[in-house]
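Report on the structure given below.
Both ligands and their constituent atoms are indexed starting at 1 by order of listing.
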Amino acid sequence: MADGPHRPLRERLLYFVLVPAICVAVMLLGAAALRTTLQIERASKQSVLDATSSLAEERVDRLDKMIIAQDNAVAANVEVRELSSIAARWLATAVRETPTVRAVLVLDADSADREVRAFVSRHPGPEDDVFRRLLVGRMLSKMELSEPIEQLRHLHQAFDEQSFLVSYWQRVHGGRKYLVVVWHEVAKLVHEIMPQLYRDLDRNSRMNVVDEEGRILFGPPLQAGAPAVSLQFPTTLYNWRLQVALASAEGLEQRTVRQRYVQLAVVGMAMLIAVVGVVIIVRASIQERRLAALQSDFVANVSHELKTPLSSVRMFAELLLTRRVPNDDKRKEYLQIIMGESERLSSLIDNVLDFAKVERGKDAYEFAEDDLAEVAARAVDSLRYRAERLGIELVTNLQPATIVFDARAVELAIINLIDNAFKYARGTPSVNVSVARTAAGGARVRVADEGPGIPREEQERIFDRFVRGRNASEAHVRGSGIGLALVKHIADTHGGSITIESPTASGRGSAFELELLDRPPKKRTRS
Ligand code: ADP
């Protein structure tokens with residue numbers, strides 16, 4: 001009782017502070033976890049990007065270096081002083097050291113028509129003349145011939161849809177400037193060198209080389225829209241680009257998407273569990289409060305029910321003792337009242353004791369074959385005297401119905417139902433008790449009265465323990481709210497049911513039907 005006033009406050013705290021606090025905490029946790037995942041995602045994407053970039057750099061460098069190494073090898077064999085020796089010196093090592101060089105030319109850069117002073121080709125033929133004309137006619141104007149003249153330079157350009165790569169540098173001899181031009185065969189670079197240089201690429205990374213128009217020259221197409229690193233060849237084939245798809249980018253993407261879903265699901269689940277947990281706690285606390293209130297009502301009701309018959313027993317016993325009883329008839333009447341009240345007392349105590357047993361789970365039912373009609377007759381007989389005093393006729397229609405059941409428990413249930421009819425249908429002429437077999441092979445007891453009936457909204461609740469109906473409080477009917485709970489327990493234990501019909505076919509009153517199945521006897525203990 002002492003914590004009564006604190007209780008609503010505690011519950012309010014639970015509703016308005018704890019529940020939102022738990023939800024917010026779970027949400028914050030979820031958001032933090034999600035942020036961390038996104039950061040990790042970003043970092044791993046970045047690291048894949050970095051790794052791919054350095055891979056691409058290394059690849060473009062490799063080809064550049066390879067071409068420049070050939071240029072250097074040519075330079076070592078070209079001596080403008082001795083132009084005639086170029087053929088002998090360079091061709092001797094050309095296949096091994098300069099595999100992509102088709103021809104080496106030396107031009108007199110000072111002469112007006114850029115006279116070709118030497119032309120050494122690995123495969124002399126008509127293409128050489130075409131190249132020579134192209135060089136003098138169109139390429140030279142595109143070349144960078146400023147200082148420092150010794151510097152190795154490259155021209156990478158398409159002429160008439162054909163890609164050309166030439167390396168060039170200038171030399172001075174005898175006061176004249178000479179231009180050394182190295183003609184690289186682009187087709188060889190693509191078809192022989194690239195497959196050699198790039199064959200060790202790991203299987204996951206897809207790589208290709210594209211020209212200035214984006215046409216693939218070497219390698220497979222990259223997946224459209226997939227992230228890729230694209231890098232120009234820095235010095236030699238500078239109009240072309242090397243593209244490398246992010247290694248395992250697809251897998252990474254899928255993995256991160258999956259991880260995000262898992263994360264969201266975990267956060268959602270945590271929130272759901274938190275909310276469900278809180279709801280369960282709140283409901284349990286409400287239920288516990290209701291039960292506590294019902295229990296205290298029960299104690300008050302039972303005490304009252306015990307007190308009233310006890311006072312009449314005492315009063316009539318005292319009257320008998322003082323011998324102030326006018327005649328034998330009166331004495332007999334007093335004694336009968338004492339008998340009736342003691343019966344009520346003992347049946348109430350039986351009820352409470354049985355209920356307590358059921359509640360503690362110690363009630364073991366004894367199933368045996370018996371005639372339900374006989375058991376109902378016993379219950380009716382035990383209440384006949386009270387019925388007479390109340391002026392209620394007990395009308396019976398008991399058809400034999402032998403089934404397997406616990407006779408003592410079912411008798412108690414029937415007594416409770418008839419007792420309720422007496423209590424709530426006071427002043428009505430009769431109560432009907434009938435027993436009949438059911439189509440399912442079991443049997444049914446029906447106790448019908450012509451009382452006030454039971455409102456529809458109460459018809460389910462009145463089977464809960466300690467619950468009493470509105471008519472009980474309005475008409476000040478004594479009771480404890482455990483009678484129907486006990487009847488329901490007995491019905492359940494028999495695998496049967498208890499149902500209410502209110503109003504009955506006659507338009508008023510209520511009828512309780514206890515239906516039992518003809519079950520094989522099973523010792524059942526309520527746990
Ligand atoms: P109690 O009779 O001690 O209150 P019960 O569990 O036997 O407890 O009954 C629960 C409630 O059901 C009663 O309070 C009453 O409102 C209602 N009730 C039971 N039997 C009848 C009946 N025959 N007619 C009308 N109301 C009834």
Side-chain angles (χ1 to χ4, degrees), residues 290-291 293-309 343-359 376 379-380 383 386-387 390 392-396 409-434 445-492 497-514:
R290 228 184 56 204
L291 202 65
L294 289 172
Q295 264 169 339
S296 77
D297 279 357
F298 167 73
V299 172
N301 288 333
V302 168
S303 319
H304 185 72
E305 277 223 56
L306 291 174
K307 226 172 115 189
T308 323
E343 261 169 23
R344 253 183 66 196
L345 261 180
S346 65
S347 88
L348 177 74
I349 289 167
D350 274 354
N351 246 7
V352 174
L353 289 180
D354 274 312
F355 181 76
K357 261 198 231 164
V358 163
E359 280 289 283
V380 168
L383 290 166
R386 256 185 78 204
L390 291 169
I392 295 177
E393 191 190 350
L394 267 172
V395 184
T396 55
V410 171
E411 188 183 333
L412 187 71
I414 299 169
I415 288 176
N416 264 293
L417 292 177
I418 300 173
D419 185 56
N420 273 354
F422 287 175
K423 282 197 310 193
Y424 299 104
R426 192 166 283 220
T428 60
S430 61
V431 169
N432 283 275
V433 181
S434 59
V445 191
R446 181 182 160 97
V447 177
D449 63 52
E450 293 166 356
I454 298 160
R456 195 158 291 278
E457 66 275 10
E458 282 185 3
Q459 289 185 4
E460 212 172 314
R461 244 164 36 82
I462 51 171
F463 292 103
D464 289 347
R465 57 207 175 132
F466 310 133
V467 172
R468 307 201 66 211
R470 214 176 43 227
N471 54 13
S473 47
E474 277 171 4
H476 301 289
V477 179
R478 285 172 302 158
S480 53
I482 57 171
L484 288 183
L486 200 60
V487 174
K488 176 141 178 43
H489 188 268
I490 292 166
D492 288 347
S497 62
I498 171 84
T499 48
I500 300 178
E501 188 191 328
S502 178
T504 58
S506 66
R508 63 209 158 94
S510 42
F512 286 82
E513 271 190 15
L514 171 63

| query | Which one holds for Asn416 and ligand 1: side chain close, backbone close, both close, or neither close, with close meaning a heavy atom under 4.0 Å? | reply | neither
| field | Val477 versus Lys423, closest heavy-atom pair with distance | value | CG1-CB, 3.7 Å
| remark: The closest protein heavy-atom partner of atom 2 (O) of ligand 1 is Tyr424 OH, 2.6 Å
| request: Answer yes or no: is there a side-chain heavy-atom contact under 4.5 Å between Leu484 and Phe512? | output: yes
| query | Purely on distance, is any nitrogen or oxygen of Gly481 under 3.5 Å from one on ligand 1? | reply | yes
| field | ligand 1 atoms in contact with Ser510 (distance to a heavy atom under 4.0 Å) | value | 22 (C), 23 (N), 24 (N)
| task | List the closest protein heavy-atom neighbour of atom 3 (O) of ligand 1: residue, atom name, distance to the nearest 0.1 Å. | result | Ser480 N, 2.7 Å
| query | Who's the nearest protein heavy-atom neighbour of atom 5 (P) of ligand 1, and how far? | reply | Leu484 N, 3.6 Å
| said: For atom 14 (O) of ligand 1, what's the nearest protein heavy-atom neighbour? Residue, atom name and distance, please. | reply: Gly469 N, 2.9 Å
| said: Distance alone, cut at 3.5 Å: any donor-acceptor contact between the side chains of Thr504 and Ser506? | reply: yes
| message | Is it the case that the side chain of Gln459 and the backbone of Ile454 share a donor-acceptor pair, with hydrogens and angles ignored and the cut-off at 3.5 Å? | response | yes
| remark: Distance col, row Leu394:CG vs Phe422:CZ, nearest 0.5 angstrom, shows 4.0 Å
| Can you list the atoms of ligand 1 that are under 4.0 Å from a heavy atom of Gly479? | 3 (O)
| remark: min-distance protein heavy atom vs atom 4 (O) of ligand 1 -> Arg468 NE, 2.5 Å
| task | Could you list which atoms of ligand 1 come closer than 4.0 Å to a heavy atom of Val467? | result | 10 (C)
| Side-chain heavy-atom pair Asn420, Val447 within 4.5 angstrom cut-off | no
| query | What protein heavy atom sits nearest atom 7 (O) of ligand 1, and how far off is it? | reply | Asn420 ND2, 2.8 Å
| query | Has Glu460 got more than 12 heavy atoms of other residues, nucleotides or ligands less than 6.0 Å from its CD? | reply | no
| Gly483 neighbourhood, listing ligand 1 atoms whose heavy-atom distance to it stays under 4.0 Å | 5 (P), 6 (O), 7 (O)
| field | Shortest protein heavy-atom distance from atom 16 (O) of ligand 1, along with the residue and atom involved | value | Asn471 OD1, 2.6 Å
| field | Neighbour count above 12 (heavy atom, 6.0 Å) for Arg426 CZ | value | no
| said: Below a 4.0 angstrom heavy-atom separation, can you tell me which part of Phe512, side chain or backbone, both or neither, approaches ligand 1? | reply: side chain
| field | Residue portion contacting ligand 1 (non-hydrogen atoms closer than 4.0 Å) for Glu458 | value | neither
| For atom 12 (O) of ligand 1, what's the nearest protein heavy atom and its distance? | Ile462 CG2, 3.5 Å
| Hey, which atoms in ligand 1 end up nearer than 4.0 Å to a heavy atom of Gly453? | 25 (C)
| ligand 1 contact by Val487, heavy-atom criterion under 4.0 angstrom | no
| query | For the side chain to side chain contact (heavy atoms under 4.5 Å, CB included) test, which of Asn432, Val380, Val431 pairs with Thr396? | reply | Val380
| Looking only at atom types and distance, does a side-chain atom of Ser434 sit under 3.5 Å from a main-chain N or O of Val445, one as donor and one as acceptor? | no
| said: I'd like to know if the side chain of Asp449 reaches the main chain of Ser510, judged simply by a donor and an acceptor atom lying under 3.5 Å from each other, with no hydrogens or angles considered. | reply: yes
| request: Using a strict cut-off of 4.0 Å, indicate which atoms of ligand 1 neighbour a heavy atom of Lys423. | output: 1 (P), 2 (O), 3 (O)
